Amino acid sequence: MNIFVARLNFKTSQEDLEAAFAKFGQVSSAKIVKDRDTGRSKGFGFVEMATDEEGNKAIAALNETELDGRTIVVKPANPKGNN
DNA sequence: GCTGAGCGA
């Protein structure tokens with residue numbers, strides 16, 4: 001399940017995300033959206049959970065919670081669906 | 001070095 005995580009701390013890394021989500025479920029993959037040129041964090045990222053049930057409970061558990069000192073927003077991500 | 005709504009290369 002793809003999960004959209006926003007309002008992250010600019011210091012938060014991908015391993016921080018997967019570590020936070022791994023506490024509530026199995027994280028298949030985690031990625032922080034960074035700038036293509038500078039490589040700085042855009043402040044949001046995506047977390048892919050192994051199953052939707054773990055994804056939903058991870059969202060409910062981490063949504064509007066504190067991560068790295070900042071309150072994050074966790075919600076289902078939108079399909080890319082554009083080729 | 002910085003900011004703070006929003007959906008990735």
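All values derive from a computational prediction rather than experimental measurement. Order of the sequence lines sets the chain letters (A, B, ...), proteins ahead of strands, with each chain counted from 1.
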Which whole-number value in Å describes the distance from A:D35 CG to B:dG1 C1'? 15 Å
Tell me the interatomic distance from A:L17, atom CG, to B:dG8, atom P, rounded to whole angstroms. 16 Å
What ring pair (Phe, Tyr, Trp, His ring centres under 6.0 Å) pairs are there with at least one residue in residues 9-38 of chain A, not counting sequence neighbours? none
Can A:F46 be classed as stacking with the base of B:dG8, given a centroid separation cut-off of 5.5 Å and a plane angle cut-off of 30°? yes
Check ion pair A:K11-A:D68 (N to O, under 4.0 angstrom): yes
Compare side-chain N and O positions of A:K42 against OP1 and OP2 of B:dA9 and report whether any pair is under 4.0 Å apart. yes
Send over the distance from A:F10 CZ to B:dT3 C1', rounded to a whole Å. 5 Å
Under 3.5 Å, side chain of A:N63 to main-chain N/O of A:V74, donor-acceptor pair present? yes
Rounded to the Å, how far apart are A:L8 CG and B:dG8 C1'? 13 Å
Dot-bracket assigned to DNA chain B with the 3.5 Å Watson-Crick/G-U criterion, [ ] for crossing and | for other-strand pairs, is .........
Can you tell me how far P of B:dG4 sits from CZ of A:R40, to the nearest Å? 15 Å
Is there a donor-acceptor contact under 3.5 Å from the side chain of A:E54 to the main chain of A:Q26? yes
If you assign each of A:P76 and A:R7 to its closest nucleotide in DNA chain B, which residue comes earlier from the 5' end? A:R7
Quick test of your reading: applying ring pair (Phe, Tyr, Trp, His ring centres under 6.0 Å), list the pairs with at least one residue in residues 40-75 of chain A, sequence neighbours left out, ordered by first then second residue. A:F4-A:F44, A:F4-A:F46
Rounded interatomic separation in angstrom, taking CZ from A:R70 and P from B:dG6: 19 Å
Residue A:N2, side-chain heavy atoms: nucleotide from B:dG8, B:dG6, B:dC2 that is nearest: B:dG8
Nearest whole angstrom, please: distance from the C1' of B:dA5 to the NZ of A:K75. 9 Å
Donor-acceptor check, side chain of A:N9 to backbone of A:R70, threshold 3.5 angstrom: yes or no? no
Quick one: A:F4 CZ to B:dA5 P, roughly how many Å, whole number? 12 Å
Could you tell me whether A:K34 contacts a base, only the sugar-phosphate backbone, or nothing, with contacts defined as non-hydrogen atoms closer than 4.0 Å? sugar-phosphate
Would you find a donor on one side and an acceptor on the other, under 3.5 Å apart, between the side chain of A:D16 and the backbone of A:T12? no
